[in-house]
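Here the structure comes first, spelled out in structure tokens, and everything after it is commentary.
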There are 2 protein chains.
Amino acid sequence: MKPTTYAILGQLAFRPWAAYELVKEMRRNFHYFYPRAESGLYAELKKLDQLGLARSESQTKGKKDRLVYTITEEGRKVLRDWLNTEPSSFHLEFDGLLRLFLSRFGGPGVVQNALIKTRLDSEELLELAQKVGREYLTGIAPAQSEIVLRACVFDFLVHYALLYKDWAIKTETYLARASQLKQEDSIELAKDSIRTTMKKFGMEGAQLGYNPTPPPPSRGL
Amino acid sequence: MKPTTYAILGQLAFRPWAAYELVKEMRRNFHYFYPRAESGLYAELKKLDQLGLARSESQTKGKKDRLVYTITEEGRKVLRDWLNTEPSSFHLEFDGLLRLFLSRFGGPGVVQNALIKTRLDSEELLELAQKVGREYLTGIAPAQSEIVLRACVFDFLVHYALLYKDWAIKTETYLARASQLKQEDSIELAKDSIRTTMKKFGMEGAQLGYNPTPPPPSRGL
DNA sequence: GGACACATGTAACGGGTTACATGATTTC
DNA sequence: GAAATCATGTAACCCGTTACATGTGTCC
């Protein structure tokens with residue numbers, strides 16, 4: 001019983017699904033916070049059947065047979081038990097940030113690349129979120145009756161996407177600025193940035209290393 | 001050559017490290033956006049040596065020998081090449097959100113559990129971030145000279161942590177409120193939430209499904 | 001001198017992905 | 001009727017984790 005199993009079982013708990021539809025729905029629902037390769041899902045469904053947690057029934061649609069899976073009582077019980085289990089922590093892998101971190105060992109395009117990729121991906125997510133949001137508002141979403149819970153997921157996902165987008169944009173600006181400064185000034189800029197973030201969120205220590213009277217930048221004349 | 005390899009190689013590019021220190025530093029640096037089991041890192045170091053991307057030299061500290069790894073020219077080249085490669089997308093696994101999504105199939109504590117766990121984890125990250133931030137501001141951070149780039153990472157991580165914390169808190173409130181409403185009202189609440197989020201971020205379609213004159217809640221008398 | 005954290009691994013296991021395979025169905 | 005897309009898998013592989021194993025400083 002691996003986590004993936006429960007994700008599928010959970011999706012099955014809403015209603016019976018034909019394999020393909022189930023897979024598509026899971027992509028739509030989980031892709032951004034619980035991504036799994038589609039091939040794995042088909043395999044997992046077979047196993048659920050073998051274990052007696054779901055039953056498959058062949059239905060004819062058009063000329064092709066398709067397997068429709070239904071959760072069993074046993075399946076519901078297993079799912080319920082898992083849900084009463086301790087959740088594990090969120091877990092992120094952010095390649096772009098790693099590259100930024102190491103960017104001084106690469107060519108000049110590394111940072112740009114990482115930030116652009118981040119922005120594009122976040123925008124893709126935002127598109128999707130927008131589409132889904134509209135569906136719920138117009139009442140045509142496939143899981144309309146689940147709207148109360150789904151609104152939480154929606155909310156998370158939108159803010160999550162915006163985190164990346166905003167970060168990518170502001171970081172681009174920040175690094176562009178920093179690259180035009182003398183080293184010591186760029187260091188001050190960095191400290192300012194850290195200080196600002198800390199202050200913004202009420203973290204203690206934000207006043208550290210503060211230069212009380214920064215010499216005004218001498219402009220000509 | 002897997003991503004982990006490059007992460008280590010990258011860390012090695014800053015300076016030579018004794019295995020243990022390297023592992024600790026990587027934990028500190030990458031744990032929240034590129035987590036890897038420590039045992040794997042030791043194994044990976046050996047492989048870097050075999051491949052000629054790093055060289056290990058035994059040094060004596062106290063009475064015990066420790067291997068100190070240094071990146072080679074070849075290693076730097078490999079790292080550089082990788083950095084010029086396309087980054088992959090960010091990739092999140094958020095068990096808590098999955099559980100929230102499926103919470104109606106579990107007992108009553110599921111949602112609470114998921115939200116509490118989320119908040120605790122986010123607070124842990126915030127603690128760490130605060131500590132690191134202070135180190136940079138006071139100038140005692142181990143990679144002080146990297147401050148310009150690290151400030152970006154810091155910024156991301158703080159906002160990332162706050163995303164979870166804020167979300168957990170507001171979701172708790174939202175769901176508590178929703179659970180006290182009649183079903184139709186909770187649906188309106190959900191739609192409002194979706195609408196608000198969409199509007200807040202300038203997404204089109206936020207006006208959909210809007211009930212122009214919601215009947216004022218009738219209060220007694 | 002017993003306990004506990006430090007420091008470094010290794011062997012086995014397992015979950016998940018990649019890449020491919022195959023028929024059916026629609027499209028032009 | 002050729003090409004593309006739908007629908008469903010499967011077999012191989014690989015990356016990473018878990019769970020241990022072992023010696024060594026260090027603290028009371």
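Below, read A as the first sequence line, B as the second, and so on, with proteins coming before strands; counting in each chain starts at 1. Quick note: numbers below take in every heavy atom, side chains included, and nothing from hydrogens, waters or symmetry partners.
- None of W82(B), Y6(B), F14(B) except one satisfies the ring-ring contact (aromatic ring centres under 6.0 Å, His included) rule with F105(A); the exception is F14(B).
- Of all nucleotides listed (dG16(D), dG9(C), dG16(C)), dG16(C) comes nearest to the side chain of R36(A).
- Shown are D95(B), L125(B), T118(B), D121(B); of these, the side-chain contact (heavy atoms from CB on, under 4.5 Å) with S89(A) is made only by D121(B).
- The nearest whole Å value for the distance from the CG atom in L48(A) to the P atom in dG9(D) is 13 Å.
- Between dG16(C), dT10(C), dA19(C), one nucleotide has an atom nearer to the side chain of K46(B) than all others, and that is dT10(C).
- A salt bridge does not link E44(B) with R36(B): every distance from a Lys NZ or Arg NE/NH1/NH2 to an Asp or Glu carboxylate oxygen is 4.0 Å or more.
- The distance from atom CH2 of W17(B) to atom C1' of dT8(C) is 17 Å, rounded to the nearest whole Å.
- One distance of note links CG of L22(B) with CD1 of I8(B); it measures 6.5 Å at 0.5 Å rounding.
- Ion pairing between a basic and an acidic side chain is recognised when a charged N comes within 4.0 Å of a carboxylate O; R119(B) and E123(B) show such pairing.
- Rounded to an integer number of Å, the gap from K24(B) NZ to dG9(C) P is 13 Å.
- The CG-C1' distance, from L22(A) to dT8(D), rounds to 13 Å in whole Å.
- In this structure, the CD atom of E44(A) is 16 Å from the P atom of dA11(D), given to the nearest Å.
- With distances taken from any side-chain atom of K2(B) to the nucleotides dC15(D), dT8(D), dT18(D), the minimum falls on dC15(D).
- Atom pair L41(B):CG and dT10(C):P shows a separation of 14 Å (rounding to whole Å applied).
- Of the candidates dT17(D), dG16(C), dT8(D), dT8(D) carries the atom nearest the R66(A) side chain, counting heavy atoms from C-beta on.
- Of the candidate nucleotides dG9(D), dT17(D), dT8(C), dG9(D) has the atom lying nearest to any side-chain atom of Y69(A).
- Taking atom CE on M26(B) and atom C1' on dG16(D), their separation rounds to 14 Å, with Å as the unit.
- Close to dG9(D), at under 4.0 Å from its OP1 or OP2, lies no side-chain N or O of Y42(A).
- Nucleotide dA5(C) holds its C1' atom 8 Å from the OH atom of Y20(B), rounded to whole Å.
- The 5' end of DNA chain C is approached more closely, in terms of each residue's nearest nucleotide, by A19(B) than by the other of A19(B) and H91(B).
- The phosphate of dG16(C) (OP1 or OP2) has no side-chain N or O of S39(A) nearer than 4.0 angstrom.
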